Amino acid sequence: MVRPATPLVSPLLALALSFVATGAVAADRKDPMADWKARMTDLDTRIKAAQSEAEQHGLQAQADQLLQACAQARGCDIAQLLPIYREASTARRGNPNDDNDNDDDGPDEMIDVAGEKTPAQATADKLLDERNRHFMDMVKMNPAVQAGIRRWLTDMRPSLMNSYENFQYLKSSMLPAFQSRGLSEALLFGIIAKESNGKVHVGSRVGAVGPLQFMPATGRRFGLGNDGSGFDTRYDPKMSAAAAAEYFSERYAELNNNIEMSLAAYNGGEGRALRVYQSTGGRSFWDADVYSQFPAETRDYVPMVIAAAWLYLHPREYGVRFPRVSDRPAQIKLEKPTTFNEMTICMGNARGTDGYLRALRNMNPRYSPDTWLAAGTVLNGTTAMSRAYNWNCTSGRRAELAHELTVANASAAIVRIGPLEPAQASAASAQIGESGLDATAQDPAARVQPVAAPKPAPPKQVAKAEPKKEKPKKVKMYRVARGDTLGRIADKHDCELKTLAKANGLRAPGYIVKPGSSIRLEGCGD
């Protein structure tokens with residue numbers, strides 16, 4: 001990893017040295033961290049007791065400086081200061097004078113997950129836990145990763161933001177498996193962002209499904225697949241994360257903890273990755289002889305995952321403000337029959353987010369949006385989602401409107417009053433042609449007065465008119481871009497995958513689409 005050169009004596013190091021010189025540090029030989037912790041604890045106490053926001057800001061700045069000084073001082077273990085520092089930062093976030101995002105949806109606990117309260121000059125890897133620091137130390141920042149960061153911050157920025165929001169809801173069920181094996185939270189986010197954008201139910205053209213896109217055979221190796229009820233556990237966030245953590249532990253062991261090669265194995269096949277690694281004497285993924293032996297998809301995949309992980313750890317450095325998401329787990333017990341669609345309407349959305357449909361589906365992958373769930377059903381959610389449901393969905397006008405919209409049947413809007421006589425039909429058509437308005441629309445009575453049925457006319461020999469041929473509906477076309485798969489195209493345009501494949505003559509399981517080719521968007525929603 002390339003980092004800018006550090007001056008021989010930085011201002012922060014000077015602060016640390018002066019701190020030592022005045023006897024404020026290392027007074028206790030038994031615990032060299034005692035005075036560092038005492039100073040941070042004192043600042044924590046003063047921040048909590050601050051009488052104004054300005055005083056709180058000033059004290060927080062001192063805590064920031066102390067943490068940064070520790071990061072550059074020999075023998076100071078920053079990990080011992082972080083819990084105290086975070087408590088002080090939490091106290092500052094809890095100030096009633098801070099910005100409040102509550103609205104008429106009821107109390108909504110918003111957690112600042114964007115790192116807004118971390119020291120502006122501190123590098124994120126110095127402030128994160130050991131797993132993330134290890135990840136930052138192991139990966140290499142190079143032009144390929146920088147190009148990936150550029151893509152995430154330009155045309156793929158919406159995908160990055162959606163991935164982040166979805167990940168916050170999935171994190172409580174997926175992260176423990178990675179942490180238990182010493183794997184980075186940022187690595188998990190990077191994989192999810194690249195594989196599925198945090199959408200649990202997506203599938204690829206080659207049959208990989210779920211938030212981490214396990215293939216059927218690989219999934220079975222790690223205990224994923226049909227659980228006997230018809231549900232494929234590759235869609236289960238918790239189980240798929242446990243499988244992925246075990247997979248990466250295996251790859252790390254055989255590839256000498258090489259993150260790039262392990263990612264290449266995840267995307268391009270573990271057999272290929274191991275052969276390349278062994279045949280080249282364990283060279284880096286970025287070595288030309290190694291790099292050239294992987295397909296284009298893998299050469300794109302590895303830096304894109306690392307780029308997303310890097311942005312997850314360094315948002316402020318790149319001007320990224322991730323959405324603020326309340327991610328504290330909670331359960332929602334349904335008080336009456338409902339669907340995810342109905343709940344999404346009545347629950348509304350937290351400010352700056354897209355609503356709760358995706359979160360409900362991600363956290364409860366066994367149910368589809370229009371499945372009617374019985375009263376008493378217990379769903380996974382967050383404290384904010386639980387409050388939104390109890391506040392807006394159990395009773396009241398919002399709940400009534402949501403139910404009306406959910407059960408509304410578009411075909412019920414079409415009414416038939418009775419047949420028109422030929423003369424009336426001709427007159428009505430003429431009026432429409434002259435004025436552009438239906439005469440019956442101008443005179444409601446004309447639509448409701450009964451019309452006498454015409455007398456039957458004697459049969460005549462009339463030549464049968466040939467039925468008019470309806471013009472075929474024009475099907476939209478889509479030009480395949482680099483990195484597209486049929487599964488992603490189907491998901492983007494709300495298509496039925498099998499219908500789309502059949503319309504374009506693509507056969508399972510490959511469904512291969514070539515960049516630059518055009519495909520017919522048949523069976524699609526838009």
Side-chain angles (χ1 to χ4, degrees), residues 159 162-178 183 187-248 266-267 301 305 327 329 331-332 339-341 343-344 354-373 377-382 385 485-498 500-501 508-509 511:
S159 294
N162 288 336
S163 298
Y164 183 90
E165 182 177 346
N166 292 334
F167 180 62
Q168 297 312 301
Y169 292 113
L170 294 171
K171 192 165 64 173
S172 62
S173 62
M174 300 185 76
L175 186 56
F178 265 53
L183 299 173
L187 173 65
L188 176 59
F189 171 74
I191 297 169
I192 284 179
K194 180 58 177 169
E195 292 285 1
S196 65
N197 288 154
K199 297 177 181 178
V200 164
H201 297 90
V202 298
S204 75
R205 59 180 175 80
V206 295
V209 301
L212 295 172
Q213 293 289 280
F214 270 96
M215 292 289 289
T218 309
R220 285 192 295 271
R221 251 180 66 202
F222 293 92
L224 302 178
N226 193 317
D227 66 355
S229 69
F231 177 71
D232 190 335
T233 55
R234 289 181 294 165
Y235 292 108
D236 185 285
K238 183 176 181 179
M239 295 182 68
S240 63
E246 185 177 353
Y247 181 95
F248 273 97
Y266 193 81
N267 177 261
Y301 179 86
V305 170
D327 59 354
Q331 291 189 321
I332 304 170
T339 68
F340 285 172
N341 284 337
M343 292 176 67
T344 301
D354 294 331
Y356 293 113
L357 180 59
R358 174 55 57 189
L360 285 167
R361 295 197 67 198
N362 279 355
M363 301 177 83
N364 304 275
R366 292 177 180 268
Y367 304 122
S368 62
D370 54 0
T371 298
W372 280 94
L373 306 173
T377 301
V378 177
L379 301 175
N380 295 320
T382 66
M385 293 166 65
T485 65
L486 194 67
R488 289 174 183 167
I489 295 170
D491 185 58
K492 179 179 180 181
H493 295 278
D494 193 19
C495 310
E496 174 62 40
L497 182 63
K498 292 184 179 179
L500 187 61
Y511 295 148

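Bear in mind the structure is a predicted one, so any value in this text is a computation, not a measurement.
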Given side chains that start at C-beta, do those of [X] and [Y] come closer than 4.5 Å, heavy atoms only?
X: T377; Y: W372; answer: no
X: P237; Y: V200; answer: yes
X: L188; Y: F178; answer: yes
X: L379; Y: L373; answer: yes
X: F222; Y: S240; answer: no
X: Y169; Y: L360; answer: no
X: K194; Y: N267; answer: no
X: P211; Y: K199; answer: no

Would Y356 and M343 satisfy side chain to side chain contact (heavy atoms under 4.5 Å, CB included), going step by step from the backbone distance to the final call?
CA-CA 8 Å; Y356 293 113; M343 292 176 67; over 6 Å; no

Hey, is the main chain of [Y] close enough, under 3.5 Å, to the side chain of [X] for a donor-acceptor pair?
X: N364; Y: N380; value: yes
X: E165; Y: N162; value: no
X: R234; Y: G225; value: no

Worked check of side chain to side chain contact (heavy atoms under 4.5 Å, CB included) between F248 and L183:
CA-CA 8 Å; F248 273 97; L183 299 173; 4.0 Å; yes

Check the side chains of Y266 and E195 for a donor-acceptor pair under 3.5 angstrom, ignoring hydrogens and angles.
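On atom types as modelled, these side chains do not qualify, holding no pair under 3.5 Å.
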
Side chains of D370 and T339: is there a donor and an acceptor less than 3.5 Å apart?
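Per modelled atom types, D370 and T339 side chains form no pair under 3.5 Å.
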
State, to 0.1 Å, how close I332 and G381 come at their nearest heavy-atom pair, and which atoms those are.
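Nearest pair, atom of I332 first, then G381: CD1-CA, 4.4 Å.
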
If you round to the nearest 0.5 Å, how far is CD of Q168 from CG of N362?
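The CD atom of Q168 is 12.5 Å from CG of N362, to the nearest 0.5 Å.
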
Within this structure, what is the OH-CZ distance for the pair Y235 and R361, rounded to the nearest 0.5 Å?
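Reported value, rounded in 0.5 Å steps: 10.0 Å.
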
Go through the steps to decide whether M174 and L212 satisfy the test side chain to side chain contact (heavy atoms under 4.5 Å, CB included), and finish with yes or no.
CA-CA 11 Å; M174 300 185 76; L212 295 172; 3.8 Å; yes

Side chain to side chain contact (heavy atoms under 4.5 Å, CB included) between R488 and S204, worked out:
CA-CA 7 Å; R488 289 174 183 167; S204 75; over 6 Å; no

Does R366 come within less than 4.0 Å of D232, counting only side-chain N to carboxylate O?
no

